[in-house]
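As structure tokens, the structure follows; a few thoughts come after it.
A, B, ... follow the sequence lines: proteins, then strands. Residue 1 opens every chain. These values consider heavy atoms only, across backbone and side chains, with no hydrogens, waters or symmetry-generated copies. Computed from a predicted model, the values in this text were never measured in an experiment.
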Number of protein chains: 8
Amino acid sequence: MEAKEVLEKVKKGEISIEDAESFFRREPFEELGYAKLDTHRKIRSGFAEVIFCSGKSDEHLLEIFKKLYQKEGEVLGTRASKDQYELIHKECQEAVYDPLSRIIKIEKKDKIRTGKIAVCTAGTADIPVAEEAAQTAEYFGSNVERIYDVGVSGLHRLLAKLEVIQKANCVIAAAGMEGAMASVLGGLVDKPVIAVPTSVGYGANMNGIAALLTMINSCANGVAVVNIDNGYGAGYMATQINRLAVKAEI
Amino acid sequence: MEAKEVLEKVKKGEISIEDAESFFRREPFEELGYAKLDTHRKIRSGFAEVIFCSGKSDEHLLEIFKKLYQKEGEVLGTRASKDQYELIHKECQEAVYDPLSRIIKIEKKDKIRTGKIAVCTAGTADIPVAEEAAQTAEYFGSNVERIYDVGVSGLHRLLAKLEVIQKANCVIAAAGMEGAMASVLGGLVDKPVIAVPTSVGYGANMNGIAALLTMINSCANGVAVVNIDNGYGAGYMATQINRLAVKAEI
Amino acid sequence: MEAKEVLEKVKKGEISIEDAESFFRREPFEELGYAKLDTHRKIRSGFAEVIFCSGKSDEHLLEIFKKLYQKEGEVLGTRASKDQYELIHKECQEAVYDPLSRIIKIEKKDKIRTGKIAVCTAGTADIPVAEEAAQTAEYFGSNVERIYDVGVSGLHRLLAKLEVIQKANCVIAAAGMEGAMASVLGGLVDKPVIAVPTSVGYGANMNGIAALLTMINSCANGVAVVNIDNGYGAGYMATQINRLAVKAEI
Amino acid sequence: MEAKEVLEKVKKGEISIEDAESFFRREPFEELGYAKLDTHRKIRSGFAEVIFCSGKSDEHLLEIFKKLYQKEGEVLGTRASKDQYELIHKECQEAVYDPLSRIIKIEKKDKIRTGKIAVCTAGTADIPVAEEAAQTAEYFGSNVERIYDVGVSGLHRLLAKLEVIQKANCVIAAAGMEGAMASVLGGLVDKPVIAVPTSVGYGANMNGIAALLTMINSCANGVAVVNIDNGYGAGYMATQINRLAVKAEI
Amino acid sequence: MEAKEVLEKVKKGEISIEDAESFFRREPFEELGYAKLDTHRKIRSGFAEVIFCSGKSDEHLLEIFKKLYQKEGEVLGTRASKDQYELIHKECQEAVYDPLSRIIKIEKKDKIRTGKIAVCTAGTADIPVAEEAAQTAEYFGSNVERIYDVGVSGLHRLLAKLEVIQKANCVIAAAGMEGAMASVLGGLVDKPVIAVPTSVGYGANMNGIAALLTMINSCANGVAVVNIDNGYGAGYMATQINRLAVKAEI
Amino acid sequence: MEAKEVLEKVKKGEISIEDAESFFRREPFEELGYAKLDTHRKIRSGFAEVIFCSGKSDEHLLEIFKKLYQKEGEVLGTRASKDQYELIHKECQEAVYDPLSRIIKIEKKDKIRTGKIAVCTAGTADIPVAEEAAQTAEYFGSNVERIYDVGVSGLHRLLAKLEVIQKANCVIAAAGMEGAMASVLGGLVDKPVIAVPTSVGYGANMNGIAALLTMINSCANGVAVVNIDNGYGAGYMATQINRLAVKAEI
Amino acid sequence: MEAKEVLEKVKKGEISIEDAESFFRREPFEELGYAKLDTHRKIRSGFAEVIFCSGKSDEHLLEIFKKLYQKEGEVLGTRASKDQYELIHKECQEAVYDPLSRIIKIEKKDKIRTGKIAVCTAGTADIPVAEEAAQTAEYFGSNVERIYDVGVSGLHRLLAKLEVIQKANCVIAAAGMEGAMASVLGGLVDKPVIAVPTSVGYGANMNGIAALLTMINSCANGVAVVNIDNGYGAGYMATQINRLAVKAEI
Amino acid sequence: MEAKEVLEKVKKGEISIEDAESFFRREPFEELGYAKLDTHRKIRSGFAEVIFCSGKSDEHLLEIFKKLYQKEGEVLGTRASKDQYELIHKECQEAVYDPLSRIIKIEKKDKIRTGKIAVCTAGTADIPVAEEAAQTAEYFGSNVERIYDVGVSGLHRLLAKLEVIQKANCVIAAAGMEGAMASVLGGLVDKPVIAVPTSVGYGANMNGIAALLTMINSCANGVAVVNIDNGYGAGYMATQINRLAVKAEI
């Protein structure tokens, strides 16, 4: 029984006010079931559900992928293996796969992108994480400017690209090793910097913990940090910010 | 020798093109001296310099405070002790001090605040950090809604305030102990959540490290993290986001 | 506006079904306000609110203490300093203070205690934490058997007390240093063991982290762990378990 | 020589009091041999021995499995690989295997389950750990309610299931990533919550350490923690609590 | 009722064999109460009880000190403050105090020391820990050779003392900072080396954790490690070893 | 040029005293070449060189194995794979291999073992480490008593074996998980306990770090710790102690 | 538009001084594009670019290798797999590969090496890291003295080689396990010691973290540390120091 | 008996060659006593002994200070408190004290400084550590260029000073918080960079551990790291490098 039904029955006197009261004391939680709230959320924010493919069984992955595709007309999967892609591709031939970012997706053709997000990497090894961020942001409707391999060991490369970075509404800084690029960017731009430590490095890097600590302790303002290798999270939050800014530009 | 001079000498043929080239290859760095860039920055972003009072000598603190006051007509100092306040108050009687947030400031009277930032705390012990964030955001021109003591051990308190939180352009979540509130907020709002772990807690909390890890590993999207107790940093970034949104609303 | 009113207005046609729907989509959260849920909780579980005194301002502490005393007729404060006690004692002369456990309380005279909880410590230095646990459990209506200084460096002491420990419905094991007592107890009793690492120790103990790790990795079954020095939490959970068992004995 | 014999010899004067004294100073330890205590334990608590299969040699595993089966008429093995199952299945065709929980077992047909334990997971990836807990609890005679995928990033899912969770005698909360669900549950139910951090996550999750810290620092009362991925331990302790409660219900 | 009494009653037929059996099944644990077992231990090993003074209340400390003195005719207290010494000295004027090692003691005058333990320190700041070790060993009857300030930054100092170190039955190596001396000693002597990391150092030393890790990872054989600053523990174990060796020399 | 030559030249006046002085300031280091000191060491201590096989190239391993065999008439290799054994076995058919301890060896037939070392494990999974310790001690001439699977979760098993453990000159305690057995042993025996944390465990065990911390923080005296899984190191040091004691017994 | 062009246009009056000023305020960063600065750097310092092969795609690796070879006439690749070597070797038959150091290179034939760097290892397992350091230094023109397997467990080996080590301009100390050799070297030589912790070890070594901490806390002066296994970084910095010294010797 | 004496006696035939041989086999170590080797070291390297004042007793400090002053005619003490200064000043009125660097010293008047070391700090709070480095380097005869407050949050400040930094023979980079400046400097200069993490920061900085990790993981070449706050160590090593370079310039 849905909220509307209950209310209509109250109106018609088919159920007592006491019964309806008891329904609503509990039901709104129940009624806000998985799909429903989700739809509300989608309408309000434009973020449809996304699939974290890694670790999912073939059966589950395929089912979720097809269900979301039916519902939304497009679908995005992150951390997908090549095998998972082939599994899906058999049944959904529109699906495309990018081995670098490990993203599998079917995207609506007529998507208009707005605003601007700058996605920077310190080295070339950080690009997979950056691509996850960039393609997530694009999927959710943001324009993305990629500025790769501009880490602080060759500062001129970063400075040379400063103008284009400064024009973005939000900057994503993906860096491994010591992750110093995030602080340098924080000092050079006026927009929020989403720092993504990557697990690139060795030894005392401890799979990205060192870069994470660097970024959390940034001496520059306007830098906040997401989990190691969490390109998707960075792209998501950058899109939230970009959307806030884009409305202003219209 | 300034850039203009060099260019005038080039025009007059007083120096060779080679010498001028060599000058410019290096000079822009030198010419972008402290005060200049800073002014540029202020004009562009509206973030004047702020004083981190803790650890500064009395002499330095007083000098910097007065210099910034002269330059900007207002000034904000964070992490100030009561003694530091009394020192400054003797010479700048307009200075006011909030012992909770440890902020000392002189603020312009006619400041108009725009947009909306929600500042939430899990417990009452997190309020000093939250106030540093809130007052920073207010100083930089944002409207702030304070929602304190809404941690997850009594979820109804948070849910009761959800509507007002959802209306903000950006949410700051200050929480110590296990810091779970940030994830819950991330799942309930569509705007960016700046999570601030606080050092509130004991034992395996390790002065905020546990809360920091919780927040960095958040299962909710749209959550990014600043350093433990870094209320200023959270207020700063929230203001960046709020400004982007405000332009849109106009 | 309460749920009942809304439903009555729906019945009378005074508000549309759409408006009522929107009300219920949100209201249940708002309706579950602080006091209400709390009362419900108290009635159901018998756990009234408790004050964590440490870090509270004098003004706040005094106000909360008096308010809870009025409401409940008794009140328990943990981690209270002697100064805080004196502050409260001036206005509430019934308040008593135990400097060992740092508990301040006013307790109803006619309290009947039921069941049995065994509170064990490895050494004498763990007693303050154990007393916080024991007195919390007693305040919430459990009988407590104290078995102190029975750590594994002199195993016979523990074995000599085994019979009395085995009779309890739940065992609290407070231990610092390497915290091995929790595992030994887990192997000797059939009831749940709540292990409380204490910050007693030095060097590689790291203020209780070593004992925490020992207990979390316990090779014995039926051992679960709370935070370092969290006597209150252990006493609380032991009481939950004791109550479940007591109902059975009646 | 058994205790009885010694005492009879004392009575008959066949050995001196000194010799008997020396015997008893040591013997009780020796007399409490492996089998005896174990049997006593089983009779008293109903927890038969269980096999931790991982790492056991084929020969040992098979022998232990068959021996326990003979002795108890049923047997439970945890962390079993598919290969180990096939090994056992050849000789014990009644053995069944669940690849999700990695449990292999032969269970008595006429087992009556009592009480109620709620087993919750934050995400779908935590289900293997939860199933180890649930099936352990069922094997030891508890009724189990499974409530999966109710993590805090979509709070409505948890709230919708609250009523069923609140009816259990004990709640198991299995969560990876930041593990915030345990705190939220602790605030919503009145029964003990056994929190099981899982190794689900990446980056700063450090294979479950982040979730463990979150749970240990829980701001909610009534939450205690077992080792990462230790579903068996959680199911065991929940059963201890459930049994205490069940006796009360009879 | 003591074991002897029970046995006598068995002999006289005053209690049944069944009752006696039941007594011994449990009693030996109970009968092996604190004082008794301790005496047995003392007789066998020669290690009387020692007082860890730090954190003890004045009342308890004084009582324990006097009781042990009465019982043993001598007494050793470690980690004692000057105030604690003065407290004890008022009532036990024979007590002497060494502010360096923080040991307070009354020692039997006619004590004969045997064997040889070498106590080495890397720097002068490690001497307090070394003295706790040395005086503990001397109190328990070992001869001690002190070789201080022979750390690896000036290797010649250690090599110059090698001959005397090699003659000891056991070597204690107390070192802070990076603690490399333990490995060097392990490579140069044939006797067991008890390594004591000290909390001397700063920065990444982390109060002795760095030295502890160095010593645990020693590339030299024959090195085992006790807790940071645990001079007492090192002196105790060295005495165990020295005693084993001394018996051989007689 | 050797010391003797220099001195003879000094006597003959062939070199100046200054030159000789300069020679001796440096030479003693040079003169203590590899083979010499080594031989001296063997003669004095009876510990021949041992091969750590893991990571060695086939060629190097074979060469070293054969060279040591020639020199000593026996040889011991630790951490050897089955492949390495097969490699060696082809050329040295006397070589035997134990897959449990991963030790490969050729041992003199007429070896007389003396004294007694007790090697205990908490569980069956710790046996490989214990066997490395036991076989090392046996290779170096100690009698070894193996007491396996006597961890604290079933304390009676340990107590039942106490008498045999107490008779050893040195006890090796190999335990993973929480490693509590070392403390319990330390409290029950009067001889030195060499604690070996093993990497057995999961989750917060962190590959043996938890057990290591437990053992380092032991509340019992007479416990010292070697590196995780370092059975060889424990067997070596136990032999040093056993030899000291054995001399006494003769 | 290049700097020169702008300046020529200023001279000719084709653009205003204001426009030129604005160009130079930004341009020098842009004009300092990748290749250019790099060349400048090469000329000044003699350090050509080097390829970190690990993780590079075949296509990228091959392209970069060939491009650098063309540009410099020689090329150095570190952390190369055998497969990567075979890939390159097919197209560049001059390329040689060292499986120990995992370096692939083509080196100019007429290279003159100057100065002297001593590369020491504690054990044989540290040699791969040391060879990366040594061959890097040689590639960049330094003479290298290799002194391997001179760790502190057999101190005489190090002392025997002291004279040759003391003659170098810079010492590289590569050590795993506890890494004590770096401190010992720091105390014995007067030249800078570059300490390279290696990941050789097990247990509490934590893949080199223990050795890193040892080296950072060195009690000897003149020791600085690079990342775990970072032989390339050590060889690079040692060459910088050697070059400074070599100029002096000429 | 000194080496010279022995040699003279050999020459005169007063002792046999065998006796002399035995003397030298051992003596050089013994003869190289504390003072002697030190002098040798001083002659060779020019680094006299320095006093680490912190933690020294007044008596010891005063004695060492005066002894070194007598021997060297100058003396340097680090980490000195104001009280320690006053103690020394009473007896050595030439002693001067700098409260910022906490250095107390008496320096020879005619000291000539050579070469150039650049000492950079990220913020003003890092200056105490930098001054310890700078004054150490100056005391040991290096010219020092101080470039303070040039951290990466305002990159133009660093770039503006680049020319003067690039002219130094060695760069010291003292930085707290995230310590990114070291990497940026490493990318901009061709000389060795000695990175000194400082304990400046809060929260996840963990008293300098974060900065230490940043620097150890530096993506730039030519960066090596000393302990947190170890200004003395940085100044010492920079002087070693500067001296090597200076000889070249002469």
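Residues meeting the side chain to side chain contact (heavy atoms under 4.5 Å, CB included) test with A/Ala173, sequence neighbours left out: A/Met181, A/Ala182, A/Leu185, A/Val193.
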Donor-acceptor pairs under 3.5 Å, chain H to chain A, main chain and side chains both?
residue: H/Glu178; atom: N; partner: A/Asn217; partner atom: O; Å: 3.4
residue: H/Glu178; atom: OE2; partner: A/Ser183; partner atom: OG; Å: 2.4
residue: H/Glu178; atom: OE2; partner: A/Cys219; partner atom: N; Å: 3.1
residue: H/Ser183; atom: OG; partner: A/Glu178; partner atom: OE2; Å: 2.3
residue: H/Ala204; atom: O; partner: A/Asn217; partner atom: ND2; Å: 3.2
residue: H/Asn205; atom: N; partner: A/Asn217; partner atom: OD1; Å: 3.0
residue: H/Thr214; atom: OG1; partner: A/Thr214; partner atom: OG1; Å: 2.8
residue: H/Asn217; atom: O; partner: A/Glu178; partner atom: N; Å: 3.4
residue: H/Asn217; atom: OD1; partner: A/Asn205; partner atom: N; Å: 3.0
residue: H/Asn217; atom: ND2; partner: A/Ala204; partner atom: O; Å: 3.2
residue: H/Cys219; atom: N; partner: A/Glu178; partner atom: OE2; Å: 3.2

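Rounded to the nearest 0.5 Å, atoms CD1 (H/Ile104) and CG (H/Leu61) are 7.5 Å apart. Atom CG of H/Leu155 and atom CG of H/Leu159 lie 4.5 Å apart (nearest 0.5 Å).
Within the 4.5 Å cutoff, no side-chain heavy atoms of H/Ile165 are placed close to those of H/Leu188. Between A/Phe65 and A/Leu87 there is no side-chain heavy-atom pair separated by less than 4.5 Å.
Considering every non-hydrogen atom in both H/Ala238 and H/Ile172, the closest pair reads CB-CD1, 3.7 Å.
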